[in-house]
Amino acid sequence: MSKKLRGKVAIVTGSSKGIGAGIAAELASEGARVVINYASSRSDADTVVADIIERGGEAVAIQADVSQAQHVRSLVESTVKAFGRLDILVNNAGVFENGFLEQFSSEVFHRLFDLNVLGLLLTTQAAVERMGPGSAIINIGSNVTRLRLPGSTVYCATKAAVDSITPLLARELAPRKIRVNSVNPGYTDTEGTRSAGVDMPDGFLDQLVSQVPLGRVGKPEDIAKVAAFLASDDAGWVTGEIVTASGGW
């Protein structure tokens, strides 16, 4: 069976766990050689690499704080040194923090915007210098921007920025034949959402699932398959799009 990403090289930021790890595994299963980027959790990144290699894929782990320009450039150059090229960038690294207005601070604002927005821009800026025609960038947004959930103001603002950035970068990079799209997941069962769930009231998750037409929360592989499609030549006529993967929620 032909693998649609054979010969491609991908960076997936923030891929030591959760949705990022799921995307990295899916890209590798389709033949891409994958860089597992992590900020601090080396052991988790090594676990993802080992799993990919065990399944016959190729992967390496590279540390970088994508909110730091110097780290990002090192990440890209280390990728090219390891695999010789760069074809796919998945801007997945991000941080979620709930908080109502009384908890708001400039520290919270900068913590979220520096990673979720600045990090995306810095990584894209560095990556496109090494990308050629036919390359693909996939941003990971969130369908939370449509839901207007109280207490998610700053996080929603960062993901609304991703919604705005995606079609603009698609236009800017189209003359270079680099495609840019976004996947906006609905509620997805990951380590991060489970730990955030400590603060959820009883019955919240059941109520949430009751609002999803397909009747369940998402899994990382649900998002990963959409990202792999957008990374592939199958999506060669798709750019500037925001694809919501939320079970219809």
Trainee: Stepwise, does the side-chain contact (heavy atoms from CB on, under 4.5 Å) test hold for V217 with V212?
Mentor: CA-CA 8 Å; V217 299; V212 179; 5.9 Å; no
Trainee: With rounding to the nearest 0.5 Å, note down the distance linking CZ in R176 to OG in S135.
Mentor: 9.5 Å
Trainee: I need the T153 OG1 to F109 CZ distance, nearest 0.5 Å.
Mentor: 12.0 Å
Trainee: Any side-chain heavy-atom pair from E77 and R130 closer than 4.5 angstrom?
Mentor: yes
Trainee: Report yes if the side chains of N116 and Y155 come closer than 4.5 Å at any heavy-atom pair, otherwise no.
Mentor: yes
Trainee: Testing the basics here: between G141 and P185, what is the closest heavy-atom pair and its distance to 0.1 Å?
Mentor: O-CD, 3.2 Å
Trainee: Taking the basic N atoms (NZ, or NE/NH1/NH2) and the acidic carboxylate oxygens, is any pair closer than 4.0 Å for K8 and E30?
Mentor: no
Trainee: Report yes if the side chains of K159 and D163 come closer than 4.5 Å at any heavy-atom pair, otherwise no.
Mentor: no
Trainee: Grab the two heavy atoms, one from M131 and one from A136, that are nearest each other, plus how far apart they are.
Mentor: CE-O, 3.7 Å
Trainee: What do the steps show when you test K17 against D44 for salt bridge (Lys or Arg N to Asp or Glu O under 4.0 Å), and what is the final call?
Mentor: CA-CA 7 Å; K17 58 181 67 172; D44 287 336; 3.3 Å; yes
Trainee: Of all the heavy-atom pairs spanning L112 and V154, show the shortest one and how long it is.
Mentor: CD2-CG1, 3.8 Å
Trainee: Between V108 and E97, is any pair of side-chain heavy atoms under 4.5 Å apart?
Mentor: yes
Trainee: Evaluate the side-chain contact (heavy atoms from CB on, under 4.5 Å) criterion for residues R179 and E241: first the C-alpha distance (whole Å), next the side-chain angles of each, then the deciding distance (0.1 Å), finally the verdict.
Mentor: CA-CA 10 Å; R179 297 181 298 103; E241 296 299 329; over 6 Å; no
Trainee: Whether the side chain of T188 engages the backbone of G186 through a donor-acceptor N/O pair (distance < 3.5 Å, no angle test) should be reported.
Mentor: yes
Trainee: Side-chain contact test, heavy atoms from C-beta onward, threshold under 4.5 Å: evaluate it for V128 versus L173 and give yes or no.
Mentor: yes
Trainee: Quick check on the hydrophobic clustering: are I242 and L169 connected, directly or via other members, by side-chain heavy-atom contacts under 4.5 Å?
Mentor: no
Trainee: Contact between L121 and I165 at the side-chain level, heavy atoms closer than 4.5 Å - yes or no?
Mentor: yes
Trainee: Looking at every non-hydrogen atom in both residues, tell me the closest pair between I178 and T239 and how far apart they are.
Mentor: O-OG1, 4.5 Å
Trainee: Under 4.5 Å between side-chain heavy atoms, chaining through other members, with only Ile, Leu, Val, Met, Phe, Trp and Tyr counted: pull out the rest of the cluster around I52, sorted by chain and number.
Mentor: L5, V12, I19, I23, L27, V34, I36, V48, V49, I53, I88, V90, I138, I140, V183, I223, V226, F229, L230, V238, V243
Trainee: Going by the rule side-chain contact (heavy atoms from CB on, under 4.5 Å), which residues pair with S67 if we only count those two or more places apart in sequence or in a different chain?
Mentor: D65, D114
Trainee: Give the minimum heavy-atom separation between G247 and P213, together with the two atoms involved.
Mentor: O-CD, 3.3 Å
Trainee: Show every side chain to side chain donor-acceptor pair (under 3.5 Å) that has at least one partner inside residues 49-59, sequence neighbours left out.
Mentor: D51-R55
Trainee: Check for me, please, whether F113 and L168 land in the same ILVMFWY cluster - side-chain distances under 4.5 Å, paths through other members count.
Mentor: no
Trainee: Under a single-linkage definition using a 4.5 Å side-chain heavy-atom cutoff for Ile, Leu, Val, Met, Phe, Trp and Tyr, are L120 and L86 assigned to the same hydrophobic cluster?
Mentor: yes
Trainee: Compute whether any side-chain donor of one residue and acceptor of the other, for S246 and N184, lie under 3.5 angstrom apart.
Mentor: no
Trainee: For the atom pair NZ (K4) and CG (D234), what is the distance rounded to the nearest 0.5 Å?
Mentor: 5.0 Å
Trainee: May I ask you to decide whether D87 forms a salt bridge with R85, counting only side-chain N to carboxylate O separations under 4.0 Å?
Mentor: yes
Trainee: Would you check if the side chain of S142 reaches a backbone N or O of V144 as a donor-acceptor pair within less than 3.5 Å?
Mentor: yes
Trainee: To the nearest 0.5 Å, what is the distance between CD on Q63 and OG on S16?
Mentor: 11.0 Å
Trainee: With a 3.5 Å distance limit and no angle check, can you tell me whether T13 reaches the backbone of N92 through a side-chain donor-acceptor pair?
Mentor: yes
Trainee: If every non-hydrogen atom of A93 is compared with every non-hydrogen atom of G14, which pair is closest and at what distance?
Mentor: CB-N, 3.8 Å
Trainee: Taking atom CD of Q70 and atom CG of L122, what is their separation to the nearest 0.5 Å?
Mentor: 12.0 Å
Trainee: Distance check, rounded to the nearest 0.5 Å: T123 atom OG1 versus N37 atom CG?
Mentor: 7.5 Å
Trainee: Step by step, would you call Y187 with V209 a side-chain contact (heavy atoms from CB on, under 4.5 Å)?
Mentor: CA-CA 9 Å; Y187 185 92; V209 170; over 6 Å; no
Trainee: Please tell me if the side chains of R146 and T244 come closer than 4.5 Å, counting only heavy atoms from C-beta onward.
Mentor: yes
Trainee: Hey, does N181 have a side-chain heavy atom less than 4.5 Å from the side chain of N139?
Mentor: no
Trainee: Examine F83 and Y38 and state if one hydrophobic cluster contains both, with Ile, Leu, Val, Met, Phe, Trp and Tyr joined whenever side-chain heavy atoms are less than 4.5 Å apart.
Mentor: no
